[in-house]
Amino acid sequence: MKYTTRQKAILLLSDGTIFYGKSIGIEGTTFGEVCFNTGMTGYQEIFTDPSYFGQIMVATNAHIGNYGVNAEDIEADQIMISGLVCKNFSFSHSRANSSGSLEDYFKKQNLVCISDVDTRALVSYIRDNGAMNAVISTDGKSIDELKALLAKVPDMKGLELASKVSTKEPYFVGQETATYKIAALDLGIKKNILRNLAKRDCYIKVFPFNATYEEMKAFNPDGFFLSNGPGDPDPLYGAIDIAKKILANDDPVFGICLGHQVLALANGISTYKMFNGHRGINHPVKNEITGKGEITSQNHGFAVNREELEKHPDLEITHLHINDGTVAGMRMKNKNCFSVQYHPEASPGPHDSSYLFDQFIDNINKAVKA
């Protein structure tokens, strides 16, 4: 491999802290909320996860790009992160079914990346000081110029981002002759969620974030699904209204991540921005119903208020995050409704929680028989 000189690059945090590194060769300046993912694999799925829209990703794995990219390993049709921070960026790759390098993948979509950063020090700093806005610059802008630009970037709290990643028009997934019809609200839905539903004999119509309950109901679905997605759930008034009408009609409904938070808000339970959030593929969760533990894939910066949930007469906690006791799942006692804060489709990640899709189908079958 020939030696090449790479330009200097910087990561500036909103509190003024600076981390230095090198550009991988894509010039530019990019902004977002800095966060970190502890997954040791699955970087392409992470980069294309719509829930990461508006965020600068710090990869804790020391090597990124070493197995290239593959056309099948995507959760959306484009990269969703705002920028990447890593320790070692691999310009070469080795993988039997790789379709190209991560460098070329980034160049095609003009993703700004800074490497050769002390990511252990950076993650430790974020853990101590919390998530905050940041800027990556590889094009030589001055610190003062970057500070002025960064000051104009809105905070994630109160930011509605589902509209930025949702489909513009409805589309279908699965076989039209399938046993079950599912109306899915796209707040930033991952492709592997749709694969898991289709695998369970579902025909899914995916609706834009601004669809109405009446439009979704006109599909005559057997069940409703509220998807994951980026940003603060509080401004999603349309989605919350849909959730309220689903519950009023006692339609079977399953929510994941942002969809879980929307269902909580529809029940009058507040959400809050977490100090750091949960992002990785090794998060331990306890199923409060069975007593079993699950290793889960998680990606969220907001959570449901546990104290309010425990006081609600019609709701119960089904799953708790073992590390910090935050709500990881809930269900309604008087409605055909349940949701989780993590990703049972686990792409990337473990498959401990894939049973939740089967539970959704079971709920639909029970509703038909009732």
Side-chain angles (χ1 to χ4, degrees), residues 32 35-87 89-90 93-109 111 113 119 161-162 164-167 173 184 186-199 206 225 227-230 256-259 277-283 294-301 340-354 356-357:
C35 64
F36 59 89
N37 188 293
T38 58
M40 297 299 289
T41 187
Y43 55 72
Q44 190 178 357
E45 294 94 329
I46 292 168
F47 300 160
T48 56
D49 181 351
S51 293
Y52 281 123
F53 185 85
Q55 293 182 311
I56 290 174
M57 172 57 59
V58 181
T60 61
N61 190 6
H63 299 277
I64 295 296
N66 49 310
Y67 58 81
V69 296
N70 184 285
E72 299 298 318
D73 295 343
I74 58 171
E75 292 300 332
D77 293 329
Q78 64 187 57
I79 295 173
M80 289 292 177
I81 60 173
S82 296
L84 175 67
V85 184
C86 63
K87 175 60 178 173
F89 188 91
S90 298
H93 63 281
S94 58
R95 185 185 184 191
N97 62 348
S98 172
S99 58
S101 71
L102 187 60
E103 178 189 11
D104 289 340
Y105 190 63
F106 280 1
K107 283 182 177 179
K108 288 177 183 177
Q109 301 189 48
L111 186 86
C113 172
T119 50
L161 293 177
K164 308 294 185 182
V165 297
S166 177
T167 182
V173 176
D186 179 11
L187 305 175
I189 199 164
K190 293 174 68 177
K191 288 182 180 290
N192 209 40
I193 289 175
L194 297 172
R195 295 186 194 108
N196 270 274
L197 289 170
K199 188 167 64 175
V206 183
F225 178 78
S227 85
N228 63 292
I256 288 178
C257 212
L258 188 60
H278 296 152
R279 297 177 179 90
I281 58 177
N282 60 346
H283 285 260
E294 302 170 23
I295 302 301
T296 68
S297 174
Q298 301 204 9
N299 171 19
H300 60 101
V340 290
Q341 184 62 83
Y342 52 96
H343 287 273
E345 82 287 351
S347 181
H351 296 165
D352 296 25
S353 306
S354 60
L356 291 165
F357 289 100

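Atoms CD1 and NE2, from I295 and H351 in turn, are 14.0 Å apart once rounded to the nearest 0.5 Å. Taking CG from N282 and OG1 from T38, the interatomic distance works out to 4.0 Å, rounded to the nearest 0.5 Å. In this structure, the separation between CG on L187 and CG on L161 is 11.5 Å, given to the nearest 0.5 Å. Expressed to the nearest 0.5 Å, how far CG of L356 lies from OG1 of T296 amounts to 10.5 Å. Distance CG/N37 to CG/N299: 7.0 Å, rounded to 0.5 Å. The OH atom of Y67 sits 11.0 Å away from the OG atom of S90 when rounded to the nearest 0.5 Å.
By the 4.5 Å heavy-atom criterion applied to side chains, V85 and M57 are not counted as neighbours. Here the side chains of I46 and P348 are in contact, with some heavy-atom distance below 4.5 Å. In this structure, I189 and L194 have side chains that are in contact, with non-hydrogen atoms separated by less than 4.5 Å. Here the side chains of S297 and Y342 are not in contact, with every heavy-atom distance at 4.5 Å or above. Proximity of I256 to F357: side-chain heavy atoms (C-beta onward) are separated by under 4.5 Å at one or more points. With a 4.5 Å cut-off on side-chain heavy atoms, Q78 and Q109 count as touching. The shortest distance between side-chain heavy atoms of N70 and R95 falls below 4.5 Å. Side-chain contact between P350 and I281 is present, with heavy atoms from C-beta onward closer than 4.5 Å.
Between C257 and H343, the closest heavy-atom pair is SG-NE2, 3.8 Å. Closest non-hydrogen pair, L84 versus I81, comes out as CB-CD1, 4.2 Å.
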Exercise. Start with the C-alpha distance between S99 and V69, add both sets of side-chain angles, then the distance that settles side chain to side chain contact (heavy atoms under 4.5 Å, CB included), and finish with yes or no.
Key: CA-CA 6 Å; S99 58; V69 296; 4.2 Å; yes

Inset, instruction - Apply side chain to side chain contact (heavy atoms under 4.5 Å, CB included) to the pair V165 and M80, showing each step before the final yes or no. - result: CA-CA 8 Å; V165 297; M80 289 292 177; 3.8 Å; yes

* Asked: Where do T119 and T60 land on the side chain to side chain contact (heavy atoms under 4.5 Å, CB included) test, with the steps shown first?
  -> CA-CA 6 Å; T119 50; T60 61; over 6 Å; no

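Although no hydrogens or angles enter the test, the distance criterion places no donor-acceptor pair under 3.5 Å between the side chain of S82 and the main chain of G32. Remark: side-chain polar atoms of E75 are not paired, donor with acceptor, to backbone N or O of P50 under 3.5 angstrom. Of the possible polar contacts, none joining the D104 side chain to the G100 backbone as a donor-acceptor pair under 3.5 Å is found. Judged by distance alone, the side chain of Y43 and the main-chain N or O of L102 form no donor-acceptor pair under 3.5 Å. Using modelled atom types, one side-chain atom of T48 and one backbone atom of Q44 make a donor-acceptor pair closer than 3.5 Å. A donor-acceptor contact shorter than 3.5 Å links the side chain of D186 to the backbone of T167. Under a 3.5 Å cut-off, the side chain of D352 and the backbone N or O of E294 do not form any donor-acceptor pair.
By the 4.0 Å N-to-carboxylate-O rule, K191 lies too far from D73 to be salt-bridged with it.
With sequence neighbours excluded, the residues forming a salt bridge (Lys or Arg N to Asp or Glu O under 4.0 Å) with E345 are K190, listed by chain and number. For E103, the salt bridge (Lys or Arg N to Asp or Glu O under 4.0 Å) test picks out K107, with sequence neighbours left out. Under the salt bridge (Lys or Arg N to Asp or Glu O under 4.0 Å) criterion, K164 pairs with no residue at all, not counting sequence neighbours. R195 pairs by the salt bridge (Lys or Arg N to Asp or Glu O under 4.0 Å) definition with nothing, not counting sequence neighbours. With sequence neighbours excluded, no residue forms a side-chain hydrogen bond (donor to acceptor under 3.5 Å, both in side chains) with K87. Every residue was checked against the side-chain hydrogen bond (donor to acceptor under 3.5 Å, both in side chains) condition with S354, not counting sequence neighbours, and none meets it.
The ring of F47 has its center no closer than 6.0 angstrom to the ring center of Y105.
In this structure, H300 and H278 have perpendicular ring planes: the angle between them is above 60°, well past the 30° mark.
If you check the side chains of S51 and N228, you find a donor sitting under 3.5 Å from an acceptor. Side chains of H93 and S98: a donor on one and an acceptor on the other come within 3.5 Å.
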